[in-house]
Every structure is written in structure tokens, then in C-alpha cells.
Amino acid sequence: MQKRGVLLLVRLTPNASANRIDGLMDMADGGCRLKVKVSVVPENGKANKALIKFLSKQFGYAQRDFELVSGLTDRNKTILITGDASTVIEDLDKKFAVIH
């Protein structure tokens, strides 16, 4: 069974001074990514784990609802937020309307 949810495109900067969402980043292909900084170093998956933990707190979803589907060793990440897509999008839009 295929998981349902929303794919979130992220540009991760590890080893930052603090964990934070830093707005949106336009990509060369015409898309955009959410810029996220974490204070953890990028070794042995630590930055990826910190990213998931940080996003779960910011978005109000459990860590188990986030799955890194691509970008394990890349700064560009694709994360699946599992759940009903329209509900997830509505929740994210309410919480982060300021980023638009």
C-alpha cells in the first residue's frame, strides 16, 4: 500500500547557529524549497534526524509522520508528511502563511 500525504521540498543547511525556518528558496527549475537550518553537524544522519525533529515540532505532527524519501546525503531533501493531503496542506498553510 502506498503512503498518502504531502511531499515537502527542503533545502537543509546543517551546522547553523540555531534551528530555524529561513523562508522559501527559488530553484533553477522553477520550483521552490523551504529553507531550513539546523544546528547539528551533517554526520551519520544527525542533521537529517534533527531536521525531522524540528519540522515535527514546527508543524505540530508526530515525528513518525515524516519520512525522508530522497536526499539522504544531499542538502536538497524530499520529505513525505503522511496523512490526508488536503488536511496537511491546510494545516501547513494556516501555520506558515507568513512565509508565502
Side-chain angles (χ1 to χ4, degrees):
M1 183 173 151
Q2 185 177 7
K3 291 184 182 178
R4 297 175 50 113
V6 173
L7 291 175
L8 179 66
L9 304 178
V10 174
R11 175 69 176 193
L12 178 64
T13 301
N15 209 20
S17 59
N19 295 339
R20 67 179 180 269
I21 294 176
D22 217 12
L24 296 173
M25 174 181 195
D26 291 326
M27 302 300 289
D29 64 3
C32 70
R33 290 183 177 270
L34 185 67
K35 294 190 300 185
V36 180
K37 295 182 178 184
V38 295
S39 60
V40 178
V41 294
E43 62 183 33
N44 301 322
K46 291 178 185 176
N48 291 334
K49 289 177 186 172
L51 172 65
I52 298 297
K53 184 176 180 179
F54 177 69
L55 289 177
S56 75
K57 281 184 178 181
Q58 294 298 307
F59 294 176
Y61 285 86
Q63 289 183 44
R64 69 177 175 276
D65 294 331
F66 292 80
E67 179 184 343
L68 182 63
V69 294
S70 72
L72 186 64
T73 59
D74 193 305
R75 295 179 95 190
N76 292 321
K77 315 274 183 195
T78 302
I79 297 171
L80 174 65
I81 305 172
T82 58
D84 176 65
S86 59
T87 302
V88 172
I89 290 169
E90 187 177 306
D91 289 345
L92 297 180
D93 196 38
K94 283 179 188 172
K95 293 179 184 185
F96 296 98
V98 226
I99 294 177
H100 293 257

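In this text the structure is predicted, and so the values were computed from the model without any measurement. Position 1 is the first residue of the sequence, and the numbers go up from there.
- Take Ser86 and apply the side-chain hydrogen bond (donor to acceptor under 3.5 Å, both in side chains) test, not counting sequence neighbours, and it matches Asp84.
- Grouping the Ile, Leu, Val, Met, Phe, Trp and Tyr side chains by contacts below 4.5 angstrom, directly or via other members, places Val41 apart from Val10.
- Val40 and Leu51 fall into different hydrophobic clusters, where Ile, Leu, Val, Met, Phe, Trp and Tyr are joined by side-chain heavy atoms under 4.5 Å apart, directly or via other members.
- When all heavy atoms of Val88 and Thr82 are compared, the pair lying nearest together is CG2-O, 4.3 Å.
- Summarising the hydrophobic clusters (Ile, Leu, Val, Met, Phe, Trp, Tyr; side-chain heavy atoms under 4.5 Å, direct or chained), the residues clustered with Met27 are Met25.
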Could you pull out every donor-acceptor pair under 3.5 Å between side chains of residues 54-61 and any protein atom, sequence neighbours left out?
| residue | atom | partner | partner atom | Å |
| --- | --- | --- | --- | --- |
| Ser56 | OG | Lys53 | O | 2.9 |
| Tyr61 | OH | Asp91 | OD2 | 2.5 |

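- Here the CD1-CD1 distance, from Ile52 to Ile79, works out to 4.0 Å after rounding to the nearest 0.5 Å.
- Not counting sequence neighbours, the partners of Ala47 by the side-chain contact (heavy atoms from CB on, under 4.5 Å) test are Leu12, Pro14, Val38, Pro42.
- The structure places CG of Leu8 at 10.0 Å from CG of Leu80, a figure rounded to the nearest 0.5 Å.
- Scored by the side-chain hydrogen bond (donor to acceptor under 3.5 Å, both in side chains) test, Arg75 finds Thr13 as partners (sequence neighbours excluded).
- Here the straight-line distance linking atom CG of Leu92 with atom OG1 of Thr87 works out to 10.5 Å at 0.5 Å rounding.
- Every residue two or more places apart in sequence or in another chain that forms a side-chain contact (heavy atoms from CB on, under 4.5 Å) with Ala62 is listed here: Arg64, Asp65.
- Leu9 and Val69 fall into different hydrophobic clusters, where Ile, Leu, Val, Met, Phe, Trp and Tyr residues are linked whenever their side-chain heavy atoms come under 4.5 Å apart, directly or through other members.
- For residues 34-52, every residue pair satisfying the side chain to side chain donor-acceptor pair (under 3.5 Å) rule, not counting sequence neighbours, is listed here: Asn19-Ser39, Asp22-Lys37, Glu43-Lys46, Asn48-Lys77.
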